[in-house]
There are 2 protein chains.
Amino acid sequence: MPRPIDERWSTMKEVANLAGVAKITVSRVLRSPELVSKTTREKVESAINKLGYVPEAAAGALSSGRSQIVAANISTLSGSIFLSTINQLSNILSKHGIQLILSNSEYSEEMEFQQLSALIAQRPLGLVLSNAFHNTKRRSMLSRIGCKVIEIWDLPENPIDYAVGFSNFDAGYSMTQFLFKDCCYKKIAFLGTKQGFDRRSEMRFQGYKDFQLKHTSEVRAFDLTASGKGNIHDGTVGLNSILNKWPDTDAIFCSGDVLAIGAVCEARRRGLRVPKDIAISGFGDIEFSNEYGIELTTVKVRGEEIGTRVANIIVGDIEGAFNINKSIDVGYDIVRRSTT
Amino acid sequence: MPRPIDERWSTMKEVANLAGVAKITVSRVLRSPELVSKTTREKVESAINKLGYVPEAAAGALSSGRSQIVAANISTLSGSIFLSTINQLSNILSKHGIQLILSNSEYSEEMEFQQLSALIAQRPLGLVLSNAFHNTKRRSMLSRIGCKVIEIWDLPENPIDYAVGFSNFDAGYSMTQFLFKDCCYKKIAFLGTKQGFDRRSEMRFQGYKDFQLKHTSEVRAFDLTASGKGNIHDGTVGLNSILNKWPDTDAIFCSGDVLAIGAVCEARRRGLRVPKDIAISGFGDIEFSNEYGIELTTVKVRGEEIGTRVANIIVGDIEGAFNINKSIDVGYDIVRRSTT
DNA sequence: TTGAAAGCGGTACCAA
DNA sequence: TTGGTACCGCTTTCAA
């Protein structure tokens with residue numbers, strides 16, 4: 001037996017009628033029960049249970065001028081490095097009764113603009129972004145958005161409101177330095193996206209380049225901007241291209257762990273020993289790589305902590321705490337395992 | 001220079017004033033521009049651009065009685081098999097201007113009840129659930145929810161509204177049969193969760209058990225209900241426990257790929273050859289396993305297709321199409337690779 | 001401690 | 001093709 005399609009939720013008014021009070025009293029029981037006498041409260045609570053009343057968020061948001069929503073836009077979800085951040089954020093927010101709206105800008109930048117409008121339409125408490133927005137139209141849109149804008153996984157020079165992340169430039173520089181000084185590789189190549197949409201990868205490349213120019217005057221980079229999304233196959237292609245072009249390369253710094261894993265597999269397939277013949281390092285320290293076959297040297301990023309900090313900014317703001325730091329650096333670690 | 005915190009968005013009324021029309025006309029330009037004359041439309045559009053007007057979703061939802069929101073509750077985000085489904089769902093919905101609210105019920109069932117209420121408060125167009133809800137209180141809550149409830153990644157006997165997935169029982173049965181008949185293993189064990197929160201894993205076990213009882217009268221299962229979440233380490237522990245208890249086991253069917261990977265690693269560590277000494281199969285066909293070290297025999301699930309189907313149910317419903325199938329079976333494939 | 005009335009910013013419905 | 005009016009369900013403000 002199908003249930004009626006037009007079934008309506010009971011309203012606060014109906015709860016009030018059943019309990020014999022005014023609807024504002026019902027509202028108080030829900031939002032500040034300490035202002036209501038015990039007797040009244042119990043009457044109201046019983047009416048709420050009897051009717052299975054669930055308040056309508058839209059009405060509350062409209063009336064009070066504040067939603068219980070946080071919006072996040074990340075570049076992609078599947079296989080994403082942002083997962084631990086988003087997961088943690090979602091957990092903390094839900095404890096405060098805040099909902100997380102997730103959108104991904106996998107496709108065009110045009111799309112992203114549409115999506116941004118759709119997110120703004122929700123009048124969220126906070127807007128979490130994984131991509132830097134340099135485009136003027138979007139920046140101006142964001143600058144008048146009226147809620148906390150939090151950029152994550154990077155530390156832009158001038159955050160719109162807040163930034164929680166680390167310096168991808170520094171991380172790129174550090175890993176290159178680590179390979180050069182601590183591991184003594186002298187012919188280091190970079191594999192990843194050098195420009196375009198993924199600014200974070202680009203900054204890692206800049207860090208690599210900066211170190212190289214200071215110490216070796218040589219930049220060996222295979223750019224995936226055109227082809228790839230940074231998947232396993234790109235790592236395969238990248239390793240081959242680099243070794244073709246610069247056969248004496250002794251280490252490859254990949255801008256992502258998945259790329260690095262692809263490169264390691266391909267190296268082994270070619271009969272090369274890792275790290276003896278070719279060293280490979282990654283970025284991100286994704287959950288799996290460490291655990292099976294490949295013990296990848298990588299840059300460990302504290303993704304969960306980023307989520308925690310973001311949540312604290314939003315929730316703290318609600319509670320009236322003053323957020324002093326516009327830019328929170330959660331740092332990173334170079335983790336040496338067996339591929340370098 | 002910090003922007004003012006109390007900056008207000010312009011309203012439809014303000015757009016109307018600037019354009020010299022009534023606000024309902026602005027609404028029409030936005031929602032059904034074909035009803036408005038070209039001259040008027042252009043005046044209004046110019047006013048919208050000038051003010052940077054973005055309509056407020058809450059007001060629209062309240063007034064029209066329909067939100068532009070779909071809510072999804074999945075058990076966990078990080079490392080999750082649901083990612084491809086959610087990603088795909090999100091992509092399609094956003095093309096229709098629908099936002100996806102994501103919540104995860106990683107913690108207690110108590111929590112899940114709270115979250116369910118919070119989601120219902122949004123009056124979503126659709127509610128997507130990855131966990132079967134057998135608990136009476138929740139069922140009754142869901143049964144009066146007034147929007148499409150779509151259960152995914154399984155095919156319950158009596159879906160609340162819709163189900164999109166496959167039979168975990170059949171899949172468990174098929175894999176066991178495959179190991180037994182096609183691969184000729186005769187001492188097959190099961191590693192996974194046998195009961196409790198994760199009904200899907202439980203159903204796979206039931207499928208395994210059903211086959212075993214029919215063909216061998218023996219059930220060898222290591223239950224992770226108490227200990228584990230199905231991570232790599234659980235796979236390690238599981239393999240050892242099974243081999244201790246039943247040393248002549250020649251194949252282990254793991255209820256998840258990650259578990260299986262852990263088991264393969266541990267087997268190799270113990271000096272066992274896979275599959276010669278011990279065969280191992282997984283479930284899910286997660287992106288990575290195939291690509292590096294381990295070519296895992298597994299059950300491939302069409303996660304993206306589930307996302308597509310779910311989106312179509314919701315969007316199709318909006319467009320008035322009639323959804324005939326309450327239960328959509330997307331099937332699964334047994335993929336034999338080198339671990340069996 | 002409780003209540004009445006006036007909105008919040010849109011949309012539905014009917015009229016012009 | 002356009003506009004007026006009455007809401008949607010809740011919170012705010014002020015009064016009792």
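So that the names make sense, note that chain A is the first sequence line, chain B the second, and so on, each numbered from 1. The structure presented is a predicted model; accordingly, all values stated were derived computationally and were not measured.
The side chain of T11(A) lies closest to dC10(D) when the candidates are dC10(D), dT11(D), dT2(D). In this structure, of dC10(D), dG3(D), dT11(C), it is dC10(D) that holds the atom nearest to the side chain of P55(A). Checked against dG9(C), dG3(C), dT11(C), the side chain of A22(A) finds its nearest nucleotide in dG3(C). Checked against dT2(C), dG9(D), dC10(D), the side chain of L62(B) finds its nearest nucleotide in dG9(D). Comparing dT13(D), dG9(C), dT11(C) against the side chain of I24(A) picks out dT13(D) as the nearest. Considering only the side chain of A59(A), dG9(D) comes nearest among dT12(D), dT1(D), dG9(D).
OP1 or OP2 of dT12(D) sits under 4.0 Å from a side-chain N or O of R31(A). A sub-4.0 Å separation between OP1 or OP2 of dT1(C) and a side-chain N or O of S37(A) is absent. An OP1 or OP2 oxygen of dT1(C) is reached within less than 4.0 angstrom by no side-chain nitrogen or oxygen of T40(A).
Under 3.5 Å, the side chain of R28(A) and the base of dG3(C) form at least one donor-acceptor pair of N or O atoms. For S63(A) against dG7(C), a side-chain N or O and a base N or O form a donor-acceptor pair under 3.5 Å.
Between the side chains of S84(A) and E304(A), no donor-acceptor pair of N or O atoms lies under 3.5 Å.
Distance, E42(B) CD to dT1(D) P: 14 Å, rounded to whole Å. Taking atom NZ on K13(B) and atom P on dG9(C), their separation rounds to 12 Å, with Å as the unit. The nearest whole Å value for the distance from the NZ atom in K23(B) to the C1' atom in dA12(C) is 12 Å.
Closest heavy-atom contact between N73(A) and S103(A): ND2-OG, 2.8 Å.
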